[in-house]
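So you know, we letter chains A, B, ... as the sequences are listed, proteins then strands, and number each from 1.
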2 protein chains.
Amino acid sequence: MGHSRDEKTRSHERIVAAATGLMMEGGTEAPSVADIMSSAGLTHGGFYKHFASRDELVAAAVASAMDASNEATREALEGAGDPLAAFVEWYASPAHRDDLRSGCAVAALGTDAGRGDPGLQELFQDQVERYAGLLERLLGEPGAPADRRAALAALSTLVGALYVSRAVGDEAFSAEILASARESVLSRRS
Amino acid sequence: MGHSRDEKTRSHERIVAAATGLMMEGGTEAPSVADIMSSAGLTHGGFYKHFASRDELVAAAVASAMDASNEATREALEGAGDPLAAFVEWYASPAHRDDLRSGCAVAALGTDAGRGDPGLQELFQDQVERYAGLLERLLGEPGAPADRRAALAALSTLVGALYVSRAVGDEAFSAEILASARESVLSRRS
DNA sequence: ATTATCTATAGATCTATAGATAATGC
DNA sequence: ATTATCTATAGATCTATAGATAATGC
């Protein structure tokens with residue numbers, strides 16, 4: 001039974017990390033407070049010394065999922081000779097489709113955001129703008145003017161392909177959906 | 001208190017219709033059996049004379065949502081001089097974004113399918129194939145060979161745009177996402 | 001006689017709180 | 001003295017069932 005402030009901070013971080021993983025997989029409503037605390041190695045009664053309510057944890061977990069998405073994007077781009085190809089091949093890959101926990105939070109939790117409170121929708125909007133800005137830079141030639149409309153359409157293609165690929169049962173069909181999105185976005189370089 | 005066989009059939013249909021509407025809005029897990037029965041004008045105790053379990057109703061409601069999606073598609077195409085434009089302008093419209101109940105079941109319930117049992121995923125796969133076949137026909141020139149890859153990418157663009165447009169809070173940004181998807185798909189005619 | 005629907009409830013589960021325990025930190 | 005965590009539980013809600021009621025249909 002740890003009690004120091006350091007240990008409380010570590011517990012807090014474990015709770016958020018556990019919630020983020022479980023919610024990326026099952027949605028923000030799926031895991032109970034007891035599930036989350038158990039996944040963090042704690043009992044459920046202690047939860048309310050860390051958060052005023054379950055909803056407060058949802059907000060923290062979604063924000064943490066956005067951070068993880070940005071980190072995954074950074075890793076995908078790191079050292080790539082062709083950053084657009086690197087991003088697209090990471091995003092619309094079978095590996096990303098099968099790895100909900102550390103993948104894109106927009107694709108995993110968008111439905112929850114649409115149903116959720118305006119605070120969640122703001123977090124989503126920021127993340128969508130971030131992806132759109134990245135695609136604007138990656139799609140355009142260094143000299144050419146940025147094409148926001150093309151970047152938004154490419155983002156819809158990638159998010160939609162990941163989303164649909166996760167909803168269909170057949171692996172081959174699912175892989176073809178991802179491949180078609182990769183081809184389509186890569187063919188739209190200006 | 002109605003008891004005839006005809007009346008039971010009508011009750012059954014009202015239960016499925018109520019479940020379909022509530023699940024399109026909140027996901028397959030959101031409405032309780034009592035919510036659904038109340039929305040159908042019945043009390044919850046009678047439910048199990050119609051379905052063996054709540055899961056059995058989920059399957060019926062998702063199938064019914066697919067039927068409604070097909071009917072909405074048919075209506076959007078009816079009498080259109082430019083069927084591709086008619087489909088795209090219906091699908092990626094603010095009106096469709098704001099009307100979850102009678103809209104595309106793939107965009108509304110895809111996340112649930114990804115988490116759900118293989119039976120649901122088969123229903124989704126069939127519906128995705130149906131949309132892809134339609135887009136193959138609409139995108140190609142009458143003489144040209146069908147381009148399945150292009151059709152799948154266009155479908156991802158449309159589904160993704162509707163999905164993302166529902167997750168962001170700002171109406172103007174949401175509308176721009178839809179407009180970019182319409183433009184992008186319409187510019188890809190062969 | 002059968003059965004569609006109703007009221008009532010059993011048993012499970014969920015959020016949040018209360019009070020005990022054991023460590024930290026003034 | 002304070003507090004992070006634990007055990008226990010109150011109150012709400014959910015799925016599913018039991019038994020009563022009132023209509024259908026042989």
Side-chain angles (χ1 to χ4, degrees), chain A residues 1-62 64 109 112 115-117 119-120, chain B residues 1-62 64 109 112 115-117 119-120:
Chain A
M1 205 183 295
H3 297 74
S4 73
R5 287 179 189 168
D6 265 19
E7 211 158 337
K8 185 182 184 185
T9 303
R10 281 195 297 276
S11 292
H12 191 95
E13 286 164 0
R14 279 212 317 283
I15 295 167
V16 174
T20 302
L22 291 170
M23 289 177 184
M24 287 287 282
E25 284 174 353
T28 56
E29 305 293 285
S32 69
V33 169
D35 290 336
I36 294 160
M37 291 297 275
S38 160
S39 168
L42 295 164
T43 55
H44 66 280
F47 176 77
Y48 295 90
K49 294 276 175 168
H50 290 275
F51 296 95
S53 68
R54 190 181 179 286
D55 277 349
E56 200 175 289
L57 172 63
V58 170
V62 171
S64 154
L109 299 174
D112 282 328
R115 293 170 190 152
D117 62 307
L120 276 195
Chain B
M1 207 182 294
H3 296 74
S4 73
R5 287 178 187 166
D6 265 18
E7 210 157 339
K8 186 181 185 187
T9 303
R10 280 194 297 275
S11 292
H12 192 94
E13 287 164 358
R14 277 211 319 282
I15 295 168
V16 174
T20 302
L22 291 170
M23 289 179 183
M24 287 288 283
E25 283 174 353
T28 57
E29 305 293 281
S32 70
V33 169
D35 289 337
I36 294 161
M37 291 297 274
S38 158
S39 168
L42 295 164
T43 57
H44 66 279
F47 176 78
Y48 294 90
K49 293 277 174 169
H50 289 274
F51 295 95
S53 68
R54 189 182 181 286
D55 278 350
E56 201 175 289
L57 172 62
V58 169
V62 171
S64 153
L109 299 174
D112 283 327
R115 294 170 190 152
D117 62 307
L120 276 195

**Message:** Within the 4.0 Å heavy-atom criterion, would you say B/K8 contacts the bases, only the backbone, or no part of the nucleic acid?
**Reply:** sugar-phosphate

**Message:** Just by distance, no angles: are the side chains of B/S38 and B/D35 close enough, under 3.5 Å, to form a donor-acceptor pair?
**Reply:** no

**Message:** Both distances below 3.5 Å, Watson-Crick or wobble geometry, any strand: find the nucleotide opposite D/dT24.
**Reply:** C/dA1

**Message:** Any side-chain to backbone donor/acceptor pair from B/K8 onto B/K49? Under 3.5 Å, distance only.
**Reply:** yes

**Message:** From CD of B/E13 over to P of C/dA4, roughly how many Å is that when rounded to an integer?
**Reply:** 15 Å

**Message:** Counting the atoms with a prime plus P, OP1 and OP2 as sugar-phosphate, which does A/H50 contact under 4.0 Å by heavy atoms, base, sugar-phosphate, or nothing?
**Reply:** sugar-phosphate

**Prompt:** If you round to the nearest 0.5 Å, how far is NE2 of A/H50 from CG of A/L57?
**Reply:** 11.0 Å

**Asked** Is there a donor-acceptor pair under 3.5 Å between the side chain of B/S64 and the backbone N or O of B/A60?
**Response** no

**Prompt:** Heavy atoms under 4.0 Å, any strand shown: does A/T43 hit a base, just sugar-phosphate, or nothing?
**Reply:** base

**Asked** Which residue lies toward the 5' end of DNA chain C, A/P31 or A/K49, if each is placed at its nearest nucleotide?
**Response** A/P31

**Fill in**
Separation of D/dT5 atom C1' from A/E7 atom CD, nearest Å, is 10 Å

**Request:** Determine the minimum heavy-atom distance between B/P31 and B/M23, stating which atoms define it.
**Result:** CG-CG, 3.8 Å

**Item:** Distance below 4.0 Å between A/S4 side-chain N/O and D/dA4 OP1 or OP2
**Value:** no

**Separation of atom CZ in B/R5 from atom P in D/dG25, rounded to whole Å** = 6 Å

**Request:** Hey, which sits more toward the 5' end of DNA chain D by its nearest nucleotide, B/A30 or B/G46?
**Result:** B/A30

**Request:** Whole angstrom is fine here: how far is it from CZ in B/F47 over to P in D/dA18?
**Result:** 16 Å

**Request:** Could you state the atom-to-atom distance from CD1 of B/I36 to P of D/dC14 in whole Å?
**Result:** 11 Å

**B/S32 side-chain proximity, nearest of D/dT15, D/dT5, C/dT5** = D/dT15

**Base paired to C/dG19 (Watson-Crick or G-U; both N/O distances under 3.5 angstrom)** = D/dC6

**Complete:** Separation of D/dC14 atom P from B/R54 atom CZ, nearest Å, is 10 Å

**Complete:** When rounded to whole Å, the CG to P distance for the pair B/D6 and C/dT3 reads 16 Å

**Request:** Tell me which nucleotide among D/dC14, D/dT15, D/dA8 gets nearest to the side chain of B/D35.
**Result:** D/dC14

**Request:** Kindly point out which of D/dA8, D/dT15, C/dC6 is positioned nearest to the side chain of A/H44?
**Result:** D/dA8

**Asked** Between B/Y48 and D/dT17, is there a side-chain N or O to OP1/OP2 distance below 4.0 Å?
**Response** no

**Request:** Starting at atom CD1 of B/I15, determine the distance to atom C1' of C/dT5, rounded to an integer number of angstrom.
**Result:** 10 Å

